[in-house]
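Here the structure comes first, spelled out in structure tokens, and everything after it is commentary.
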Amino acid sequence: MLVLITGAGGQVGRELVEVFADHEVVAVDHHALDVGDRDAVLGLVTTVRPDAIINSAAWTAVDANESDPDRAWAVNALAVRHLADGARQVGARICQLSTDYVFDGTHPDPYVEWDEPHPASMYGRSKLGGELELGPEQTIVRTSWVCGLHGANMVKTILRLAGEHDTLSFVDDQRGHPTFADDLASVIRRLVVERRPGLFHVTNQGAVSWYEFAREVLAAAGLEPDRVHPIATADLDPPRPAPRPANSVLDNAALRLGGLPLAPDFREPLGRLVPRLLDT
Ligand SMILES: NC(=O)c1ccc[n+]([C@@H]2O[C@H](COP(=O)([O-])OP(=O)(O)OC[C@H]3O[C@@H](n4cnc5c(N)ncnc54)[C@H](OP(=O)(O)O)[C@@H]3O)[C@@H](O)[C@H]2O)c1
């Protein structure tokens, strides 16, 4: 399979490049391709003529999205239109990465793929806009709380803060499924290679609050988890510009009910990652 991976310099993009190593891959980072540039997108897609395009490019700075809606719409939504246009011209399939932020988090139970999206933030609205650019023959993978070896993420932040402070405070009223980029990339690979269309929630398993997750990170690093204290989102000072969903838990129902393997409990990849991060 010839696979075009956009956003290849990001934390998921880098893992995607690795997991497709036994296929033919054209990987383009932000510098090589601005997905918001229609001419550049169509030029590249019609030159490469891939079998599949995996779009992991996005403007993921959730708070910054609030103050620059035009950039959010251009990168997270309109860019998907350009990619879909190119894909149509060469007969390629698309796999689009999306987010738990398409939900406002007020639902009491885990969200399934068929729940009505209702984003509360600009980032969530623009990512939903990207989803809406694609037809049912394409693949959309929503994920949450992504961590991994590459790029900035919460595991690295928690370990850094643990090195700088005796006690740490994390919110205990936002729950989600932490997801490790390498496990996510493996499931995406399967969906792309098997040409499975439709919307999939793909996360590691094990729902926790950020407070509980920070405790798990410290435990995995051999540190005392009781150094982490729970706080409420309302206690954050200053408050963050973009609202976060209180319930971000994505039920991987389409995988589960379709008989496809789920990514493991997050404690498994966390146990692999923390020693690697501590070694570097
Ligand atoms: N991180 C999470 O917790 C999370 C959760 C749910 C869903 N997702 C989704 O998962 C996907 C991958 O996210 P990630 O965690 O890998 O984020 P990331 O590390 O921020 O990677 C996104 C990449 O997109 C690039 N990019 C930004 N604007 C671009 C543009 N106009 N053209 C081309 N590339 C551009 C960025 O490059 P620069 O940095 O150089 O601008 C970055 O390398 C995204 O669709 C995101 O919405 C992420």
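Whatever order the structure lists them in is the order used to number ligands and atoms, beginning at 1.
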among protein heavy atoms, the one nearest atom 3 (O) of ligand 1 is Val146 N, 2.9 Å

At under 4.0 Å between heavy atoms, is it the side chain or the backbone of His31 that contacts ligand 1, or both, or neither?
neither

Could you check if a side-chain atom of Val171 sits within less than 4.5 angstrom of a side-chain atom of Trp210, using non-hydrogen atoms only?
yes

For atom 33 (C) of ligand 1, what's the nearest protein heavy atom and its distance?
Leu33 O, 3.1 Å

Identify, for atom 45 (O) of ligand 1, the protein heavy atom at the shortest distance, and state residue, atom and that distance.
Lys127 NZ, 2.7 Å

Going by heavy atoms, is Asp29 under 4.0 Å from ligand 1?
no

I'd like to know if Asp63 pairs up with Arg244 as an ion pair, taking the criterion as any Lys NZ or Arg NE/NH1/NH2 lying under 4.0 Å from an Asp or Glu carboxylate oxygen.
yes

Quick one: do the His107 and Asn247 side chains pair a donor with an acceptor below 3.5 Å?
no

Measure the distance from atom 31 (N) of ligand 1 to every protein heavy atom, then report the residue, atom name and distance (to 0.1 Å) of the closest one.
Asp34 OD1, 2.9 Å

Any pair with a residue in residues 257-280 that passes ring pair (Phe, Tyr, Trp, His ring centres under 6.0 Å), sequence neighbours left out, goes on the list, sorted by first then second residue, please.
Phe213-Phe266

Using a 4.0 Å heavy-atom cut-off, which part of Val75 comes near ligand 1: side chain, backbone, both, or neither?
side chain

Atom 42 (C) of ligand 1 [closest protein heavy-atom partner, distance rounded to 0.1 Å]
Gly10 CA, 4.0 Å

For ligand 1, is Gly151 a contact, meaning one of its heavy atoms is under 4.0 Å away?
no

Using heavy atoms and a 4.0 Å limit, tell me yes or no: is Thr6 in contact with ligand 1?
no

Nearest non-hydrogen contact with atom 6 (C) of ligand 1 belongs to which option: Asn55, Thr60, Thr179, Thr143?
Thr143

Residues 25-35, side-chain donor-acceptor partners within the protein, below 3.5 Å, at least two apart:
unit_1: Asp29; atom_1: OD1; unit_2: His31; atom_2: N; d: 3.1
unit_1: Asp29; atom_1: OD1; unit_2: Ala32; atom_2: N; d: 2.9
unit_1: Asp34; atom_1: OD1; unit_2: Gly36; atom_2: N; d: 2.8

Could you check atom 16 (O) of ligand 1 against the protein and tell me its nearest heavy-atom contact, residue, atom and distance included?
Val12 N, 2.9 Å

Under-4.0 Å heavy-atom contact with ligand 1, by part of Trp145 that carries it:
backbone

Heavy-atom nearest option to atom 25 (C) of ligand 1, drawn from Ala58, Ala185, Gly36:
Ala58

Tyr123 and Tyr101 aromatic ring geometry - parallel, tilted or perpendicular at 30°/60° bounds
perpendicular

Looking just at side-chain N and O atoms, do Ser98 and Glu131 make a donor-acceptor pair shorter than 3.5 Å?
yes

Counting non-hydrogen protein atoms only, what is the nearest one to atom 19 (O) of ligand 1? Give residue, atom name and distance.
Gln11 N, 3.0 Å

Heavy-atom pairs closer than 4.0 Å: do any link ligand 1 to the side chain of Ser98, the backbone, both, or neither?
backbone

Heavy-atom check, side chain of Asn204 versus side chain of His177, under 4.5 Å:
no

Is it true that Asp22 and Arg189 make a salt bridge, defined as a side-chain N closer than 4.0 Å to a carboxylate O?
yes

Closest to atom 40 (O) of ligand 1 among Met154, His30, Gln96 (heavy-atom distance)
His30

Protein heavy-atom partner closest to atom 8 (N) of ligand 1 - residue, atom, separation in Å:
Tyr123 OH, 3.9 Å

